[in-house]
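This report refers to the structure that appears directly beneath it.
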Amino acid sequence: MRATALFMPTIKEDPADAEAASHKLMVRGGFVRQFASGIYIMLPLGWRVIQRICEIIREEMNAIGAQELSMPTLHPADVWQATGRYDAIGQEMFRFKDRGGRDMVLAMTHEELFAWLASRELRSYRDLPQTWYQIQLKFRDEPRPKGGVLRVREFLMKDSYTFDIDEAGLEESYVKHIGAYDRIFARCGLEFYRVESDSGFMGGGQAHEYMAPSSAGEDKVAMCGSCGYAANVELARSTARTPTSANATPGDAALREVSTPEQRTIDEVSAFLHIEPSQLIKSLVYIAGEAAVLALVRGDHSLHENKLTRYLKSEVRPAHPEEVKEVTGAEVGFVGPVGLSVRIIADEALRPPGGAPRTYTAGANKEHTHLQGVVIGRDFEPEFADLREAQEGDACPRCGASLTMKQVIEIGNIFKLGSKYSLPLGATVLDEAGQERPIIMGSYGIGPARIAAAAVEQSHDDRGIIWPKSIAPFDVHLIQVQAKDPIQTQVAQGLYDRLAVEGWQVLWDDRDERPGFKFADAELIGCPVRVTVGKKAVDRVVEVEPRAGGAREDVPLEGGADRIRELWEASS
RNA sequence: CGGGGCGUAGCGCAGUUGGCUAGCGCACCUGCUUUGGGAGCAGGGGGUCGCCGGUUCGAGUCCGGCCGCCCCGACCA
């Protein structure tokens, strides 16, 4: 395609409201434009990238026997009421009424609709298994869109759903999806991991997420380099390091109050009393449903709220300062477990080891006062649960090696749903024995725009994007230095035609601009191979150069196409 | 939802002790020159200063309300 015929509005300066590298570069390169908060326009270049990603997804989905279809995004509320999610989901779903006053929603995912279709059309175990997918818009009223195209309110998603007669069939479908997903992300040129994940509001059993490491990511995963354990920190298990400063006070030390005026935070208290944070108990008041609970972690640890939620099987929120006072009698900063009558859940790292129990310092539930010599099991009796967020350096729960933490972008997820959606929507089939059985479902998502953004995050330099060759908007960026030079035009046209015949997607920059302008645009847009037709065109010589770096070389026009192929193939 | 910031030309910004015709860079249009790393000169077009209300002789500037956008947190596939 000629650049003069392509709408590619590039910008020299970074947009003021962009933070992430991918956001800046995709705007500057003329790939996307923001329309409103969390709502983006895909310009021709951006749409080409998305299309290439979608083609890879289609090929791999079709290869595991999945069938593409297209579902509505405008739903009457009743399907969502049937599964209970209409009430469970809350404000994240766009809701409105149609002219007849009926409650409607914009689809944020499609489990209900696929299960609805299955319930109408699948009758017999002979109809199973089925795998259906679509590449369709989703709408989610995000509280805070961010990161350009990374977290938005309207986005394209490949979602597939599997329908099996039993758990064994689901397992097979699940494994097939793992294969397809591994191939999709590898073909898109991403560095990625498959990690254990929380099934969250999707419900159901086993779940994994596909994660692309990037500092722009919003999730964290814990990874073991030794055995391969990898999990979202929302549920990553780990063994905390034993503090090096084993406390000097023996376990039979008496409880004693100590005055700690204005010392509220772990840092303040540990500095004031000259003790390590790990000798403190961090006491956090949460409201679970109606009841207050006290959650305890070691002073050098952080609570992960999702873990508390999962353990209590109830939504939780931090108590307001007034509530803390009501429950404990003290203000935030002086809360502790001793003498409280609320339910107390302590992190596993606080469980007394064999032998002499450790003593801790905790809030005394009294203004400006802490308690020292606190012994768990003697002074209070908590329940124990895994509550704390895994930290870099913790021990792997499987092999004991040291865990590392990585910031990641979630690019895909897979869930075993079981009968969570098929039961309420009546998606059942008759088995061999004539028994009615709920269909066992799985659901599987991929965000194409997140793949694009993750690719940019992982592969760019200070001049622009370096697209993986499989998803670049064009394979070859052909720069004609002098748009008006008839010899250069003739050489460029000849090369363009030759490359087109060989099946390459070529962007031919025939604009009447200064050379520097065109070089800068090429580097910004980031196609894998750049070809320059300039002065040497009279000698039938052109220049080739890989975007990723490497030598710029002169090649005779006749061998140009071959050299371009070599460079393209050598690109990542 | 809590905290912070911003809103002035298409983009990036200056201008706020209240003052006359609102400015700079880039982009855009015309002409000439230029042409291997985001050109030069000359001329030119483009603004409800986010919106509504108030104070004032006079508001981009002060006051009140609202809206939009961004960042941190909470939440979230």
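Labels below follow one simple rule: chain letters A, B, ... track the order of the sequence lines, proteins then strands, and each chain is numbered from 1. The structure displayed is predicted, hence computed values, not measured ones.
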**Asked** What does C57(B) pair with, Watson-Crick or G-U, if both distances are under 3.5 Å?
**Response** G19(B)
**Request:** Looking at every strand, decide which applies to Glu218(A) at a 4.0 Å heavy-atom threshold: base, sugar-phosphate, or nothing.
**Result:** nothing
**Asked** Centroid-to-centroid, Phe31(A) to Trp47(A), below 6.0 Å?
**Response** no
**Asked** Using purine N1 to pyrimidine N3 plus N6-O4 or O6-N4 for Watson-Crick, or N1-O2 and O6-N3 for G-U wobble, each under 3.5 Å, what pairs with U48(B)?
**Response** none
**Complete:** Between Arg28(A) and Asp512(A), the residue closer to the 5' end of RNA chain B by nearest nucleotide is Asp512(A)
**Item:** Distance in angstrom units between Asp17(A) CG and G5(B) P, rounded
**Value:** 18 Å
**Request:** For Gly445(A), report the nucleic acid contact type (base, sugar-phosphate, nothing); a contact means any heavy atom under 4.0 Å.
**Result:** nothing
**Item:** Earlier contact from the 5' end, RNA chain B, for Glu513(A) and Pro145(A)
**Value:** Glu513(A)
**Request:** Would you classify Gln34(A) as touching base, sugar-phosphate or nothing, given that sugar-phosphate means primed atoms plus P, OP1 and OP2, and contacts are heavy atoms under 4.0 Å?
**Result:** sugar-phosphate
**Message:** Rounding to an integer number of Å, can you tell me how far Glu13(A) CD sits from A14(B) P?
**Reply:** 13 Å
**Request:** May I ask you to say what Arg450(A) touches in the nucleic acid, namely base, sugar-phosphate or nothing, with a heavy-atom cut-off under 4.0 Å?
**Result:** base
**Sidechain-backbone polar pair: Lys158(A) side chain, Tyr444(A) backbone, donor-acceptor under 3.5 Å** = yes
**Request:** For Pro9(A), report the nucleic acid contact type (base, sugar-phosphate, nothing); a contact means any heavy atom under 4.0 Å.
**Result:** nothing
**Request:** Name the nucleic acid region contacted by Ala520(A), choosing base, sugar-phosphate or nothing; use a 4.0 angstrom heavy-atom cut-off, strictly under.
**Result:** base
**Request:** State whether the side chain of Arg33(A) and the backbone N or O of Ile41(A) hold a donor-acceptor pair below 3.5 Å, judged by distance alone.
**Result:** no
**Message:** Does Arg317(A) reach a base, just sugar-phosphate, or nothing at all? Heavy atoms under 4.0 Å.
**Reply:** nothing
**Message:** Between Glu60(A) (side chain only) and Ile57(A) (backbone N and O only), is there a donor and an acceptor less than 3.5 Å apart?
**Reply:** no
**Asked** Are the side chain of Tyr181(A) and the backbone of Gly445(A) linked by a donor-acceptor contact shorter than 3.5 Å?
**Response** yes
**Asked** What is the nucleic acid contact for Arg530(A), judged by heavy atoms within less than 4.0 Å: base, sugar-phosphate only, or nothing?
**Response** base
**Message:** Categorize Arg153(A) for me: base, sugar-phosphate, or nothing, with a 4.0 angstrom heavy-atom threshold over every strand shown.
**Reply:** nothing
**Message:** Using a 4.0 Å heavy-atom cut-off, does Glu410(A) contact any base of the nucleic acid, only the sugar-phosphate backbone, or nothing at all?
**Reply:** sugar-phosphate
**Message:** Measure OH/Tyr210(A) against C1'/A77(B) and give the value in whole Å, please.
**Reply:** 16 Å
**Request:** Check every strand shown and say whether Lys535(A) touches a base, only sugar-phosphate, or nothing at a heavy-atom separation below 4.0 Å.
**Result:** base
